Amino acid sequence: MRKLKKISEDHPFLILFIFVVIAYLPVLLPFFHLKNDLITQNLPTRYFISESLYSGYFPWWNPYIHFGIPQYGDMNNGFWNPFLWVIAKIFGYNIWTITFEEMFYILIGGWGIYKVLRELNILKGVAILVALSYMSCGYIVGHLQHFSWITGTAFFPYVCLYFLKINKNPVLKNFIIGSLTVFLFVSSTHPGFIIGAGYFFIFSLLFLFIFRKTYCRDLYQPKFWLINFTFFLLSGVFSIVVIISNLDVLQHISRGDKISLPESLLAPTSFQSYLSFLFPMAVNKSSFFATDISMRNIYSGLSSVAGIIFLFKYINKKILVFAFAPLLFFALLSSGGIFKTIFYHILPLVGYVRLNGEFVFFVIVIILLLVAFSLQFFITNKNYKPLLIKSSRFLIILFSSTAILALFFLLWNHSSIVYGKIFFSDLKVSIKNIFDNLQFADLLLINALIQLFSILLVTRKYSHYKAIIILACNLIVITWLTLPFTGLGMTGKKEMNKKMMVLPHGLYAQELLPLNQLKFLDSSLKKELLLLGSYSKKIGYPLEEQYPVQLNTTKKFFEDTALHNFINKQAFIFLSEDTTIDAKTSYDSSLVAINAFGPGHLKIRVNNPGYHFLIFLQNNYPYWEVFVDGKKESHFTAYKTFVGLPLKQGVQKVEFRFNPVLIRKAMKINIAILMAGFIILVIPRLGNRRLFS
């Protein structure tokens, strides 16, 4: 125990690292893989980026999704996240690298929460326990598939940390580092997460202002509003390329407009799901919870359960009342239904978010902050034993009663796993069969017994560090038992990677065949991998692929069945006598020879016997340029969305080039700003300059 105490005092990061490895061991093992959106949406685009870099191209344009999208404007995948580029360039993306990347985000998110709590003068032991709770909370475990949400949980704590630092000590280096953390946050996470964060900081500013003369004296400077406005302004400057990229693409994609009310009510964290605060395993079964399984879990450990009980003993009632306001706000916002309907009509930007469960993250953050303070008061109170006894008795009665009721229901209703037939073969299949056959009452009983056993261990010869170890073990066990429901696929990583990465490294031109004759990955993988065009490195998957980013013109194309059928009979580059669906066309390799191909780049040699147009099956986004024999020529939108070029008779060299001039300039400006920030940080005289006195 003394050794653990010393390690936690001297090397808290090591404690967090070891915990992540143990808690997410099933994810790290080669026998399972992360599933759903992570491999159907996030990995394909990252794979494309790494393959582009391998081939020597900068991936401004992704040719494989919906006949091409500007990759820099894909707000679903964090194009400007620096960690993405390091991995893509050095290692390349596959099922292993994206798994390790996600574990890295969970780890640094926990470390960020730890640093926030230390900044708030929370004791190391409490800060470590709350950080462990954060890293294995139900939001993260339940949303491993939602990669862009996990990146948000990684960088959001650092924005909070420097929000505190700036208000404590408004020196230039805090503004610079704080703006860098905002850049990391907005460049990597989902827009809905950023919208939620905006409302969180509005509540934070109000909290500091209301309690400026009491609890927040150290955080309220004379020029409080100017300080925070400057932080907001600098954050925007440091993230200028992200802002410009998003504004550029929003006017061209179907998600650039406010969504319909029915769409805005999708996938809430229902009020029933708050049962997961006590019993996270149980919510994985039963339609009673009325939402997607990934949205149901808000567990943050038994320490949070105890901390909530202690709140009413130790925390000032005025603080509790004010803290209840954002807690209720985010709980109602994430719940969908009538509350989201009201917010949809009256709150800015909320109507653009589809999955309401995204906002429940802020409920968990507020709970963990409150719990950290209540646990600190509990630990520092010399007369803690009466409260410990009283609270433990309450929890023992609660979990014992739940276990008895669940057992009674199982015996009465005969709806338990013990009444079903389970076929055992190899270990993995047996594990899957067991989890598939567990019922709500089974899970409730198991979970209640785990919680009861943990409480009994904590209260037996109680000590603070022993309690931390037991509560951490509880988090590990619960994480292991909930991962199979929302986080893990049963296929091994090697087998999964083999299904995806069947082609040689790099990007290259596909054969000149009709789209409906191209060989993509095995169609049986369609449901499992979704974006087969990306993994096959071929333009024009003959069916519309399910991906949230789609240009408005592409949407109209897919809605025209006759046109879609006509295009499926063409190669990705073809000659045409007219721009109608009954026009004579040709894609004969003797007429069209491909010299170079890359993302947003195509060089061909055309021997035109008399066709009037050349059609390139890429969406005609504004930055496309076309050159004929080295001279820039005007082009047009053909067949509702594609790049069309009027063509003369004879031999000609044609080059298609996607050149987002505005985004290139924004990137250069952003790099210059970041470099200036780093220069200021290495010059102490500048970095320590106080901006506001």
Side-chain angles (χ1 to χ4, degrees), residues 112-131 133-134 156-171 174-175 178 181 196-232 235 300 303-304 306-332 362-384 386-387 391 690-693:
I113 286 291
Y114 172 82
K115 298 297 287 184
V116 167
L117 296 176
R118 294 294 291 149
E119 190 70 23
L120 293 170
N121 299 315
I122 298 296
L123 294 171
K124 278 189 177 181
V126 175
I128 289 173
L129 179 59
V130 174
S133 299
Y134 181 80
F156 178 75
Y158 295 94
V159 180
C160 294
L161 175 63
Y162 279 90
F163 172 75
L164 295 173
K165 284 180 175 289
I166 285 166
N167 281 290
K168 270 188 179 181
N169 186 20
V171 296
N174 284 340
F175 282 96
T181 65
Y199 284 103
F200 178 89
F201 283 110
I202 290 172
F203 281 110
S204 300
L205 288 168
L206 292 174
F207 183 88
L208 297 186
F209 180 74
I210 291 170
F211 294 102
R212 64 190 181 280
K213 295 181 180 179
T214 52
Y215 306 103
C216 301
R217 283 193 300 269
D218 294 341
L219 293 168
Y220 190 84
Q221 303 295 327
K223 297 181 180 178
F224 173 76
W225 295 107
L226 182 57
I227 288 169
N228 285 283
F229 177 74
T230 302
F231 181 32
F232 173 77
S235 297
S300 54
S303 58
S304 292
I308 292 295
I309 296 172
F310 300 159
L311 277 179
F312 302 98
K313 168 75 174 176
Y314 294 118
I315 304 297
N316 181 278
K317 299 301 181 289
K318 290 182 179 179
I319 292 179
L320 282 180
V321 169
F322 186 88
F324 184 72
L327 193 67
L328 181 63
F329 170 79
F330 285 113
L332 296 179
F362 301 99
V363 173
I364 294 175
V365 168
I366 294 167
I367 288 174
L368 288 176
L369 290 173
L370 291 171
V371 162
F373 282 101
S374 68
L375 291 177
Q376 170 125 320
F377 285 122
F378 171 77
I379 286 175
T380 55
N381 185 352
K382 293 180 180 179
N383 299 317
Y384 67 83
L387 180 59
S391 303
R690 191 177 177 88
L691 294 190
F692 303 96
S693 56

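Source: prediction; values computed, not measured.
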Quiz: residues 200-213 side-chain donor-acceptor pairs under 3.5 angstrom, not counting sequence neighbours:
from : atom 1 : to   : atom 2 : distance (Å)
S204 : OG     : F200 : O      : 3.0
R212 : NH1    : F209 : O      : 2.6

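Y158 places a side-chain N or O within donor-acceptor distance of the main-chain N or O of G112, the cut-off being under 3.5 Å. Under the 3.5 Å distance criterion, the side-chain polar atoms of S374 are matched with a main-chain donor or acceptor of G307. Remark: side-chain polar atoms of N169 are not paired, donor with acceptor, to backbone N or O of K165 under 3.5 angstrom.
For the pair F163/N228, a side-chain contact is recorded, criterion being any heavy-atom separation below 4.5 Å from C-beta on. You'll find the side chain of Y114 reaches within 4.5 Å of the side chain of R118, heavy atoms only. Counting heavy atoms from C-beta outward, L327 and V363 have side chains that approach closer than 4.5 Å. L117 is not listed as a side-chain neighbour of L123, based on a closest heavy-atom distance of 4.5 Å or more. Side chains of V126 and F378 form no contact here, defined as non-hydrogen atoms less than 4.5 Å apart. The closest side-chain heavy-atom distance from I319 to F373 is not below 4.5 Å.
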Open item on the list: As a quick check of understanding, evaluate side-chain contact (heavy atoms from CB on, under 4.5 Å) for Y199 and F330, giving each step before the final call.
Closed with: CA-CA 9 Å; Y199 284 103; F330 285 113; 4.0 Å; yes

TODO: Report the C-alpha distance between Y384 and I379 in whole Å, list the side-chain angles of each, state the deciding distance to 0.1 Å, and finish with yes or no for side-chain contact (heavy atoms from CB on, under 4.5 Å).
DONE: CA-CA 7 Å; Y384 67 83; I379 286 175; over 6 Å; no

TODO: Might you work through the side-chain contact (heavy atoms from CB on, under 4.5 Å) test for L368 and S304, ending with a clear yes or no?
DONE: CA-CA 7 Å; L368 288 176; S304 292; 3.5 Å; yes

- [ ] Go through the steps for L219 and F224 under the test side-chain contact (heavy atoms from CB on, under 4.5 Å), then give the verdict.
- [x] CA-CA 9 Å; L219 293 168; F224 173 76; over 6 Å; no

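A search for side chain to side chain donor-acceptor pair (under 3.5 Å) contacts involving Q376 returns nothing, not counting sequence neighbours. For K115, the salt bridge (charged side-chain N to carboxylate O under 4.0 Å, His left out) test picks out no residue, with sequence neighbours left out.
For the atom pair CG (N316) and CG (L311), the distance works out to 12.0 Å, reported to the nearest 0.5 Å.
The local environment of CG in D218 is sparse, with at most 12 non-hydrogen atoms from other residues, nucleotides or ligands closer than 6.0 Å. For NZ of K168, the number of neighbouring non-hydrogen atoms (other residues, nucleotides, ligands) closer than 6.0 Å is greater than 12.
For the residue pair I113 and P157, the shortest heavy atom distance occurs at N-CB, 3.6 Å. Between A197 and F362, the shortest heavy-atom contact is N-CZ, 3.3 Å. The two atoms that bring A323 and I366 nearest to each other are O-CG2, 4.2 Å, heavy atoms only.
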